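Remember, it's a predicted structure, so these values are computed and weren't measured experimentally. Chain naming here is simple, since letters A, B, ... match the order of the sequence lines and numbering starts at 1 in each.
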Amino acid sequence: MRIPEFVQAVKRGEIDIVEHTHKVLDICAHVNSEYHYFTAITQEALQRAKELSRRKEKRGVLWGVPVSAKDAISVMGVETTGGSRILKGYMPLFDATAVEKLRDEGAIIIGKTSQDEFGFGSFGINVGKGYEISLNPFDKRRVCGGSSAGSAGITQKLDTHASLGESTGGSIVNPASFCGVVGLTPTYGRVSRHGLLDYGTSFDKIGPMAKSVEDAAYVLSSISGHDKADATSANIKKEAFHSFVKKDIRGMKMGVIKGSLENADTLVQKGCQEGIRKLEEQGCEIRTIELPITMKYGVSCYYLLATAEASTNLARYCGMRYGTHEELKGDFNSYFSDVRSGHFGKEAKRRIMLGTFARMAGFRDAYYLKAAKIRTLIVNEYKKAFKRVDALVSPTVPKLPLTFDEVKRLSVLENYMFDVLTVGPNVAGIPHMSVPVSMQKGLPVGLMLMTDHFEEGKLVQIGSKAEMQKQ
Amino acid sequence: MEITKQTIQRVAEVSRLKLSESELKEFVAEFKEILDVFSKIDEVNTNDVEPSFQPVGLKNVLREDEAEKCLTQERALSQTRHKQDGYFKGPRVI
């Protein structure tokens with residue numbers, strides 16, 4: 001059941017949310033033992049359901065809806081580690097603003113979801129030491145995508161659910177595509193980052209993962225808005241994004257990114273063509289748009305900048321104020337280095353090193369600063385494209401969900417290159433959404449739509465016309 | 001540019017990471033491969049292009065300099081066992 005129907009049924013008294021929450025927690029425990037989507041399932045959810053059901057006034061648009069949040073998003077009193085052992089035991093003293101806003105609408109937080117450590121991965125396999133890897137809901141031999149792996153997997157498995165994911169370079173749309181759900185990454189600044197464990201401060205966005213475009217839109221409407229606790233949050237009017245579902249798309253112009261379809265696997269091409277055809281049937285004009293700098297240098301630009309930011313953001317994890325502790329011995333350099341070397345996973349170390357390198361004296365101008373200039377060119381390239389078309393279109397990921405064996409065979413560089421289609425919109429901070437448009441050989445195919453800054457409404461308007469009909 | 005074992009060792013020190021001999025060897029090879037490709041950004045003409053440190057054209061974000069409520073000392077210290085007399089207790093500095 002989709003969110004608006006569910007909430008209506010709850011408000012009419014047809015669904016008892018205490019009973020429903022109980023049932024959902026049982027299903028989650030069962031699914032989790034097999035698929036590993038949660039880092040924590042919150043038993044407080046039942047208390048919350050009881051408390052909500054006692055209230056006379058039932059006003060929120062998410063009343064009684066079970067929701068989850070990626071582990072990097074703070075939930076007060078629930079262990080929050082960003083999937084890393086270095087934060088083991090950390091219990092936030094406050095809710096992230098996005099979580100607080102979900103609660104204001106009557107949502108019930110049922111758990112924290114699995115992810116690549118601090119968001120460092122495209123397949124959900126770079127989990128921190130001691131964490132389990134999420135398995136694809138369609139085929140357990142395949143990955144969920146990443147880094148918001150658990151959020152995507154559990155959203156596919158539950159009947160009524162939405163999850164908060166987080167994207168730095170594609171971590172919402174990529175797993176959404178692999179798990180057959182909708183993933184919506186808003187414009188940078190649309191949703192407050194307060195309470196999010198930082199990866200790349202100028203890239204990070206919290207956004208919904210949901211079972212339909214309309215559900216995602218309801219969640220986005222709930223969590224967006226200016227927040228004085230996040231200086232980079234946008235001070236612009238709130239919108240009811242779900243109202244855009246009903247608007248038609250006749251006469252809109254879509255630009256398919258040159259090279260994105262041609263270089264994708266045949267089955268991904270076929271699936272995406274089904275989605276594009278639907279847009280055409282509803283009166284859209286389809287064109288081809290070239291983004292030469294984005295397509296050629298986007299991955300390099302992204303990894304240099306995002307790891308540079310990550311290397312400074314992760315400097316705070318040193319075993320002193322929160323998270324993992326060791327016995328204080330040796331001088332501070334030696335203590336901090338020992339804690340960090342012992343508890344960060346391999347990819348975290350790699351990205352800290354790469355980012356440190358990119359901004360070190362002697363290399364900074366050639367790597368970090370050069371990449372920041374290319375970022376300007378990439379933003380301009382998108383801005384120019386949006387003068388010609390309403391939205392851009394490409395596959396979300398060039399391949400069907402990979403098997404664990406296939407991922408294992410990729411080199412580190414090939415791993416990074418896999419993000420070729422998702423890094424562009426993240427570097428430019430433009431809203432983008434993966435919509436499941438087709439099933440090929442029993443596996444989902446996601447089509448990615450992108451619009452100009454702060455045009456999430458248009459994204460919802462178009463995405464709702466492309467999405468696959470639900471059985 | 002040449003990535004040597006010394007370069008990686010230096011980066012690790014600045015990053016406050018201790019690498020094992022095998023990690024060091026692995027990172028040297030990987031960094032060579034990665035930076036070989038990433039260095040191609042040098043081909044792009046960026047004369048007269050300003051760098052972007054965020055994507056949406058934010059200008060200076062300021063607020064009034066007013067005292068506001070924040071975490072109490074006790075709560076701020078509640079997540080650590082390294083504390084003494086109301087302060088964080090760190091490792092030896094000198």
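- B/Ser78 and A/Tyr322 are not linked by any side-chain donor-acceptor pair at a separation below 3.5 angstrom, with hydrogens and angles left out of the test.
- In this structure, chain B has no heavy atom under 4.5 Å from any part of A/Glu414.
- Crowding of A/Lys383 atom NZ: a count of heavy atoms from other residues, nucleotides or ligands under 6.0 Å exceeding 12.
- Of the listed residues A/Ser337, A/Gly429, A/Gly189, the one with more heavy-atom pairs under 4.5 angstrom with chain B than any other is A/Ser337.
- At most 12 non-hydrogen atoms from other residues, nucleotides or ligands lie less than 6.0 angstrom from CD of B/Gln73.
- With A/Arg340 contributing its side chain and B/Leu17 its backbone, the two residues share no donor-acceptor pair below 3.5 Å.
- Taking both residues in full, the closest heavy atoms of B/Pro55 and A/Val427 are given as CB-O, 3.6 Å, listed atom of the first, atom of the second, then distance.
- Checked against side-chain hydrogen bond (donor to acceptor under 3.5 Å, both in side chains), B/Lys18 has the following partners two or more places apart in sequence or in another chain: A/Asp338.
- Here the side chain of B/Arg92 pairs no donor or acceptor atom with the backbone of A/Lys329 at under 3.5 angstrom.
- No more than 12 heavy atoms of other residues, nucleotides or ligands lie within 6.0 Å of CZ in B/Arg75, so this atom counts as exposed by the packing criterion.
- Of the listed residues A/Ala371, A/Gly330, A/Ala315, the one with more heavy-atom pairs under 4.5 angstrom with chain B than any other is A/Gly330.
- Heavy atoms of A/Ala231 lying under 4.5 Å from chain B belong to its backbone as well as its side chain.
- The pair B/Glu43-A/Lys296 meets the salt-bridge criterion, since a charged nitrogen lies less than 4.0 angstrom from a carboxylate oxygen.
- Only the side chain of A/Tyr335 comes within contact range of chain B, with heavy atoms under 4.5 Å apart.
- The residue among A/Leu305, A/Asp331, A/Asn235, A/Leu314 with the most heavy atom pairs within less than 4.5 Å of chain B is A/Asp331.
- With A/Thr356 contributing its side chain and B/Val11 its backbone, the two residues share no donor-acceptor pair below 3.5 Å.
- Considering every non-hydrogen atom in both B/Ile41 and A/Tyr367, the closest pair reads CD1-O, 4.0 Å.
- With a 4.5 angstrom heavy-atom cutoff, B/Ile8 touches chain A via backbone and side-chain atoms both.
- The two residues A/Ser202 and B/Phe53 make their nearest non-hydrogen contact at CB-O, 3.1 Å.
- In this structure, no portion of B/Leu62 lies under 4.5 Å from any heavy atom of chain A.
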I'd like to know whether A/Thr187 forms a side-chain contact (heavy atoms from CB on, under 4.5 Å) with B/Val56, so could you lay out the CA-CA distance, the side-chain angles of the two residues, the decisive distance to 0.1 Å, and finally the verdict.
CA-CA 8 Å; A/Thr187 310; B/Val56 288; 3.9 Å; yes
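- Neither the backbone nor the side chain of B/Asn47 comes within contact range of chain A, judged by heavy atoms closer than 4.5 Å.
- The CZ atom of B/Arg16 sits 11.0 Å away from the OG atom of A/Ser334 when rounded to the nearest 0.5 Å.
- For a residue to count as touching a neighbouring chain, one of its non-hydrogen atoms must lie under 4.5 Å from one of that chain's; by this rule B/Lys89 touches chain A with backbone and side chain alike.
- Partners of A/Phe418 by ring-ring contact (aromatic ring centres under 6.0 Å, His included), not counting sequence neighbours, listed by chain and number: A/Phe123.
- In terms of modelled atom types and a separation under 3.5 Å, the side chain of A/Lys370 and the main chain of B/Val44 share a donor-acceptor contact.
- Looking only at heavy-atom pairs under 4.5 Å with chain A, the residue among B/Val37, B/Val14, B/Leu19 that has the most is B/Val37.
- Put simply, the side chain of B/Phe38 does not reach to within 4.5 Å of the side chain of A/Tyr297, judged on heavy atoms.
- The shortest side-chain heavy-atom distance between B/Pro51 and A/Arg375 does not fall under the 4.5 Å cut-off.
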side-chain contact (heavy atoms from CB on, under 4.5 Å) between A/Met353 and B/Glu30: does it pass, once the steps are laid out?
CA-CA 11 Å; A/Met353 298 263 303; B/Glu30 286 169 6; over 6 Å; no
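- With a 4.5 angstrom heavy-atom cutoff, B/Leu58 touches chain A only via side-chain atoms.
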Yes or no on side-chain contact (heavy atoms from CB on, under 4.5 Å) for B/Ile3 and A/Phe357, after CA distance, side-chain angles and deciding distance?
CA-CA 11 Å; B/Ile3 298 291; A/Phe357 172 85; 4.1 Å; yes
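- Contact of A/Ala366 with chain B is made through the backbone alone, with heavy-atom distances under 4.5 Å.
- Between A/Leu354 and B/Phe31, the closest heavy-atom pair is N-CZ, 3.5 Å.
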B/Gln54 and A/Phe203: side-chain contact (heavy atoms from CB on, under 4.5 Å), yes or no, with the steps?
CA-CA 7 Å; B/Gln54 47 74 33; A/Phe203 291 84; over 6 Å; no
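- Only the side chain of A/Tyr368 has a heavy atom closer than 4.5 Å to any heavy atom of chain B.
- In this structure, the separation between CE on A/Met320 and NZ on B/Lys83 is 12.5 Å, given to the nearest 0.5 Å.
- Between B/His82 and A/His325, the ring planes lie tilted relative to each other; the angle falls in the 30° to 60° range.
- Of all the listed residues (A/Val379, A/Val412, A/Asn333), the one sharing the greatest number of non-hydrogen pairs under 4.5 Å with chain B is A/Asn333.
- The distance from atom OG of B/Ser15 to atom CZ of A/Phe336, rounded to the nearest 0.5 Å, is 15.0 Å.
- Both the backbone and the side chain of A/Thr376 come within contact range of chain B, judged by heavy atoms closer than 4.5 Å.
- Contact record, A/Leu377 with B/Val49: CD2-CG2, 3.8 Å, taken as the closest heavy-atom pair.
- Contact annotation for A/Ser411: only side-chain heavy atoms (C-beta onward) come within less than 4.5 Å of a heavy atom of chain B.
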Under the side chain to side chain donor-acceptor pair (under 3.5 Å) rule, what do B/Lys40 and A/Ser300 come out as? Steps first, then yes or no, please.
CA-CA 8 Å; B/Lys40 295 209 170 77; A/Ser300 307; over 6 Å; no
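- Closest non-hydrogen pair, A/Arg321 versus B/Phe88, comes out as CG-CE2, 3.2 Å.
- Put simply, the side chain of B/Gln79 gets close to the backbone of A/Met91: a donor and an acceptor are under 3.5 Å apart.
- In this structure, no portion of B/Glu13 lies under 4.5 Å from any heavy atom of chain A.
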